[in-house]
Amino acid sequence: MRTVKLERTIRAPLADVFEWLTDATNFQRVPIIRRVTLVRPGNLVEHGVGAVRLLVTPLVRVTEEIVEYEPPRLIRYKLLSSYPPMRIQDGCLEFKETEGGAWIRWTAHFEVDAPLFADLWTAGMAPMVLGGIRSVLGTAEKELRRH
């Protein structure tokens, strides 16, 4: 299993950053993401606990469920299905208000499900996962700075 962590501060109000990053439909404006679909809204809030979302990129297709949602400090998700197949995939976004804006730590755990060389495939996927997270945070930062 691999863990990827990325921290960034976005110069915008914490509530705005939390809202942007927890509404996965915003991810459609990220250059590497082709499509995002909210398959099922959350139990109490549209993008909260129980929400199921589908993210499609040129190389990966992932269906995730939101399992924890505590505005404006935390959202946690877990894998329901994926291509390429993964045994494990979950993630957590933590948020804190700072003098410079909103601090975010995005942590993702994943493991490719392959009959041979699973560790190698998982290691090879780590830069793609990190690049995807960077792209999402970069797009959020650009859009939130405009407001």
Side-chain angles (χ1 to χ4, degrees), residues 1-113 121-147:
M1 180 170 65
R2 287 284 170 150
T3 299
V4 171
K5 285 185 184 181
L6 187 63
E7 295 181 14
R8 178 175 286 186
T9 298
I10 296 177
R11 293 183 189 277
L14 177 61
D16 294 349
V17 174
F18 183 85
E19 183 179 322
W20 198 99
L21 287 169
T22 57
D23 180 347
T25 59
N26 289 323
F27 295 8
Q28 290 185 137
R29 296 189 299 278
V30 175
I32 63 165
I33 296 180
R34 287 193 176 155
R35 180 170 46 104
V36 177
T37 305
L38 182 63
V39 176
R40 180 181 74 211
N43 303 337
L44 300 174
V45 194
E46 189 172 42
H47 297 280
V49 173
V52 174
R53 58 197 192 182
L54 168 68
L55 293 92
V56 179
T57 74
L59 300 174
V60 179
R61 177 184 175 105
V62 177
T63 303
E64 303 168 334
E65 181 179 11
I66 304 303
V67 295
E68 198 171 346
Y69 181 82
E70 299 175 19
R73 64 170 217 88
L74 177 86
I75 186 169
R76 190 179 308 274
Y77 58 91
K78 71 173 183 173
L79 176 74
L80 296 178
S81 65
S82 69
Y83 181 84
M86 287 189 252
R87 268 183 230 136
I88 300 168
Q89 194 252 332
D90 62 41
C92 180
L93 284 81
E94 300 167 86
F95 301 81
K96 285 184 194 167
E97 190 159 7
T98 67
E99 264 187 44
W103 171 87
I104 305 106
R105 177 190 298 139
W106 192 326
T107 307
H109 308 281
F110 58 95
E111 183 176 46
V112 174
D113 186 6
W121 286 108
T122 300
M125 197 162 185
M128 289 190 297
V129 171
L130 187 58
I133 291 170
R134 268 196 191 109
S135 293
V136 170
L137 292 174
T139 301
E141 187 169 28
K142 276 188 236 168
E143 290 192 4
L144 290 166
R145 278 188 175 175
R146 287 186 206 150
H147 293 100

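All residue numbers in this chain count up from 1 along the given sequence.
Atom CE of residue M1 and atom NE2 of residue H109 lie 6.0 Å apart, to the nearest 0.5 angstrom. To the nearest 0.5 Å, atom SG of residue C92 and atom NZ of residue K5 are 10.0 Å apart. Distance check: R34 CZ to L59 CG gives 8.5 Å after rounding to the nearest 0.5 Å. Interatomic distance, L93 CG to R105 CZ, rounded to the nearest 0.5 Å: 11.0 Å. Atom CZ of R145 is separated from atom CG of D16 by 14.5 Å, given to the nearest 0.5 angstrom. Within the model, atoms CD of E97 and OG1 of T9 stand 11.5 Å from one another, a figure rounded to the nearest 0.5 Å.
Residues W106 and V136 approach most closely at CZ3-CG1, 3.7 Å, considering heavy atoms. The nearest pair of heavy atoms linking I66 to G48 is CB-O, 3.3 Å. T122 and R2 get closest at one heavy-atom pair: CG2-CG, 3.3 Å. Contact between E64 and V62 at its shortest, heavy atoms only, is CG-CG1, 3.4 Å. When all heavy atoms are compared, the tightest approach of N43 to G50 is OD1-CA, 3.9 Å. Heavy atoms only, all atoms of each residue included: A12 and V17 are closest at CB-CG2, 3.8 Å.
With a 4.5 Å cut-off on side-chain heavy atoms, L79 and D90 do not count as touching. Contact check for R134 versus L6: side-chain heavy atoms found under the 4.5 Å cut-off. By the 4.5 Å heavy-atom criterion applied to side chains, E70 and E68 are counted as neighbours. Looking at L55 and R35, their side chains never come closer than 4.5 Å, going by heavy atoms from C-beta outward. With contacts defined as side-chain heavy-atom distances shorter than 4.5 Å, the pair F18/P71 qualifies. The side-chain heavy atoms of L44 and Y69, taken from C-beta on, include no pair separated by under 4.5 Å. For the pair E7 and I104, the minimum side-chain heavy-atom distance is 4.5 Å or more.
Between the side chain of N26 and the backbone N or O of W20 there is at least one donor-acceptor pair closer than 3.5 Å. With T37 contributing its side chain and L54 its backbone, the two residues share no donor-acceptor pair below 3.5 Å. In terms of modelled atom types and a separation under 3.5 Å, the side chain of S82 and the main chain of P84 share a donor-acceptor contact. Side-chain atoms of Q89 do not come within 3.5 Å of backbone N or O of F110 as any donor-acceptor pair.
Stacking of R53 on the aromatic ring of Y77 is recorded, both the 6.0 Å distance cut-off and the 45° axial limit being met.
A salt bridge between E65 and R40 is present, with a side-chain N of the basic residue lying under 4.0 Å from a carboxylate O of the acidic one. A salt bridge links E141 to R8: at least one charged side-chain nitrogen sits closer than 4.0 Å to a carboxylate oxygen. Using a cutoff of 4.0 Å between basic side-chain nitrogens and carboxylate oxygens, R87 and D113 are scored as salt-bridged.
Between the side chains of H47 and T22, no donor-acceptor pair is found at a separation under 3.5 Å.
By the neighbour-count criterion of 12 heavy atoms within 6.0 Å, atom CZ of R29 is densely surrounded, having more than that number from other residues, nucleotides or ligands. Surrounding CH2 of W103 are more than 12 heavy atoms belonging to other residues, nucleotides or ligands, all under 6.0 Å away.
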Run the numbers on I33 and V56 for side chain to side chain contact (heavy atoms under 4.5 Å, CB included), then give the verdict.
-> CA-CA 6 Å; I33 296 180; V56 179; over 6 Å; no
